[in-house]
Amino acid sequence: MLKTDAVTGAPLAGGVFQLWEETNGIPGLQTTGINPDTQIGAGCTTGADGICRRTVDLGTYYWLETAAPPGYTLPVDPVFGPLVLTAANAAEGVQITAPDIPQLPLTGEVRVLKTNAETGAPLAGGVFELWEETNGIPGLQTTGINPDTQVGAACTTGADGLCRRTVDVGTYYWRETAAPPGFVLPAQPVFGPLVLTPENAQAGVQVTAPDEPQAPVTGEVRVLKTDAVTGAPLAGGVFQLWEETNGIPGLQTTGVNPDTQVGAACTTGADGLCRRTVDLGTYYWLETAAPPGYVLPAQPV
């Protein structure tokens, strides 16, 4: 019996067969019931040449395929025969070909959902690579002499926070290479393994990848109120702090689109200073009242 690929005709290893002899006088193979035919020996698995062979007495025989080679499907009728061994053909033997059809690749979706670690909201702008487990070493290896295999180009999450790929069944990892704007990469940027199987391929498999928001970067903005003649610091100067927010050069405190005042007014102390801790940005100090005995400058901004 020769096991072959039904498409290419190439011999196949790994097909499992039972040999049965016609002994009950009923045409065709009967393996069960009160009077079945007779199984000859144990099962046989085809080797690299695709062949199972047995030396037997003259008679009529059938090969029953019980398991297809890996990546192939059993035929609808897995019985091959009859093979009639007679005195005339015994020296040469008798052979039959048993073709199997390759299995269609099973595919499904593997997804990663990028979220805000604090709120759970989906995040756009996370960049991920998809890797398939191919080297047999647990976990993801992206470098070295035997890395796992990257699948396609990088993916950037959209407004729904998702990257998705349709792939064959197997084991996969998502690797985050760039965090969304305003967020930081996790200490462990590999998410998985995601195991896609024939059983879950229709629904697909998904992992959530939370990122922490970046800590805000802040610093101090200060104004030093001084005596214009002596340079000595002056107490009692009153200032407002404004942030540049309208995109128009200079400070606008009125109108339909003014800049933004930050907090309440500040009065300088004995060191002559007003100070505020604020986020990165562009700011102005507006002097609204001079220290006692002094006059506001012509340009108080």
Side-chain angles (χ1 to χ4, degrees), residues 70-73 102-221 243-247 260 262-263 276-283:
Y72 289 79
T73 57
Q103 288 176 340
L104 293 175
L106 281 173
T107 60
E109 246 187 16
V110 289
R111 301 179 296 270
V112 60
L113 174 61
K114 174 86 279 172
T115 63
N116 182 323
E118 294 183 355
T119 68
L123 296 175
V127 181
F128 288 86
E129 296 170 347
L130 181 63
W131 290 76
E132 183 178 5
E133 174 60 66
T134 56
N135 65 1
I137 302 170
L140 174 62
Q141 294 80 43
T142 62
T143 58
I145 59 174
N146 185 26
D148 292 309
T149 304
Q150 186 173 349
V151 180
C155 169
T156 301
T157 59
D160 60 359
L162 286 170
C163 276
R164 59 182 85 215
R165 286 276 168 72
T166 299
V167 291
D168 293 337
V169 294
T171 300
Y172 296 87
Y173 303 88
W174 285 104
R175 178 182 178 225
E176 187 174 4
T177 59
F183 290 79
V184 294
L185 279 173
Q188 172 49 271
V190 176
F191 299 90
L194 295 90
V195 182
L196 188 69
T197 67
E199 291 71 30
N200 64 25
Q202 184 173 3
V205 287
Q206 181 169 314
V207 67
T208 299
D211 279 1
E212 296 284 346
Q214 286 177 336
V217 179
T218 60
E220 210 174 57
V221 291
E243 183 178 5
E244 173 60 67
T245 56
N246 66 0
T260 303
V262 180
R276 285 277 168 71
T277 298
V278 291
D279 293 335
L280 303 184
T282 299
Y283 296 87

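Remember, it's a predicted structure, so these values are computed and weren't measured experimentally.
Around the CD atom of Glu220, the shell of radius 6.0 Å holds more than 12 heavy atoms that belong to other residues, nucleotides or ligands.
Put simply, the side chain of Gln103 gets close to the backbone of Tyr72: a donor and an acceptor are under 3.5 Å apart. Counting only distance, with no hydrogens or angles, the side chain of Thr157 and the backbone of Gly126 share a donor-acceptor pair below 3.5 Å. A distance-only check finds no donor-acceptor pair linking the side chain of Asn146 to the backbone of Gln141 [under 3.5 Å]. A donor-acceptor contact shorter than 3.5 Å is absent between the side chain of Arg165 and the backbone of Leu130.
For the atom pair CG of Leu113 and CZ of Phe191, the computed distance is 10.5 Å after rounding to the nearest 0.5 Å. Note that CG of Leu106 is 9.0 Å distant from CD of Glu199, once rounded to the nearest 0.5 Å.
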Just do the side-chain contact (heavy atoms from CB on, under 4.5 Å) check on Glu176 and Asp211 with the steps written out, would you?
CA-CA 10 Å; Glu176 187 174 4; Asp211 279 1; 2.5 Å; yes
Could you go through Leu140 and Arg175, starting from their C-alpha distance and side-chain angles, then the distance that decides it, and tell me whether this counts as side-chain contact (heavy atoms from CB on, under 4.5 Å)?
CA-CA 9 Å; Leu140 174 62; Arg175 178 182 178 225; 4.2 Å; yes
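When all heavy atoms of Gly139 and Glu133 are compared, the closest pair comes out as O-OE1, 3.0 Å. Residues Asn200 and Val195 come closest through the heavy atom pair ND2-O, 3.0 Å.
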If you look only at distance, which donor and acceptor atoms sit under 3.5 Å apart when one is on a side chain in residues 179-188 and the other is two or more places apart or in another chain?
from: Gln188; atom 1: OE1; to: Val190; atom 2: N; distance (Å): 2.9

